[in-house]
Amino acid sequence: LKDKPVLLTATGGSERHALVLDHGLRPLFAFFSADIVATGIYATEADFSDCSPASASVTSRIDRAATELSWRLAARADTGTTPVAALAAS
């Protein structure tokens, strides 16, 4: 996973599990040197309707996280290298 863009997402039974992104998944993917998008998405059953996101806050986070991920992917495609390496070269 070294330098691969990763978007952290999870669903859970309650809001009390929302920290799994920052205290469980983020350190795990950092250990593998993944390029982790800053915005993560956590949702509960209440955030969905007919298997689609229905909550305005979750929809907003999805949009923001997808935008951040697209920037990372575009940076990799434009330079042929990782964003960190591209910044170091400039």
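Heavy atoms only: backbone and side chains are in, while hydrogens, waters and symmetry mates are out. Predicted model, so just to flag it, every value in this text is computed and none were measured. Counting begins at 1 with the first residue of the sequence.
- Residue Leu25 is grouped with residue Ile36 when hydrophobic side chains (ILVMFWY) are merged at heavy-atom distances under 4.5 angstrom, including chains of intermediate members.
- Distance check: Ile62 CD1 to Leu69 CG gives 13.0 Å after rounding to the nearest 0.5 Å.
- Glu68 meets the side-chain hydrogen bond (donor to acceptor under 3.5 Å, both in side chains) test with Thr39; sequence neighbours excluded.
- Across all their heavy atoms, Val37 and Ala65 have their closest contact at CG1-O, 4.1 Å.
- Interatomic distance, OG of Ser33 versus CG of Asp3, reported as 7.0 Å (0.5 Å rounding).
- Pairing each heavy atom of Gly13 with each of Thr44, the nearest pair is C-CG2, 4.5 Å.
- Between Ser55 and Ser57, the shortest heavy-atom contact is OG-OG, 3.0 Å.
- In this structure, Pro5 and Arg76 approach most closely via the heavy-atom pair CG-CD, 3.4 Å.
- Using a 4.5 Å cut-off on side-chain heavy atoms (C-beta onward), Phe32 and Lys4 make no contact.
- Remark: Tyr42 OH to Thr11 OG1 distance equals 7.0 Å, nearest 0.5 Å.
- Atom CG of Leu28 and atom CG of Leu21 lie 12.0 Å apart (nearest 0.5 Å).
- Ser70 pairs by the side-chain hydrogen bond (donor to acceptor under 3.5 Å, both in side chains) definition with nothing, not counting sequence neighbours.
- For Ser60, the side chain to side chain contact (heavy atoms under 4.5 Å, CB included) test picks out no residue, with sequence neighbours left out.
- Atoms CG and CD1, on Asp47 and Ile41 in that order, are 11.0 Å from each other to the nearest 0.5 Å.
- In the hydrophobic clustering of this structure, Val6 does not group with Leu73; members are Ile, Leu, Val, Met, Phe, Trp, Tyr whose side-chain heavy atoms approach within less than 4.5 Å, directly or through other members.
- Atom CG of Leu1 and atom CZ of Phe31 lie 11.0 Å apart (nearest 0.5 Å).
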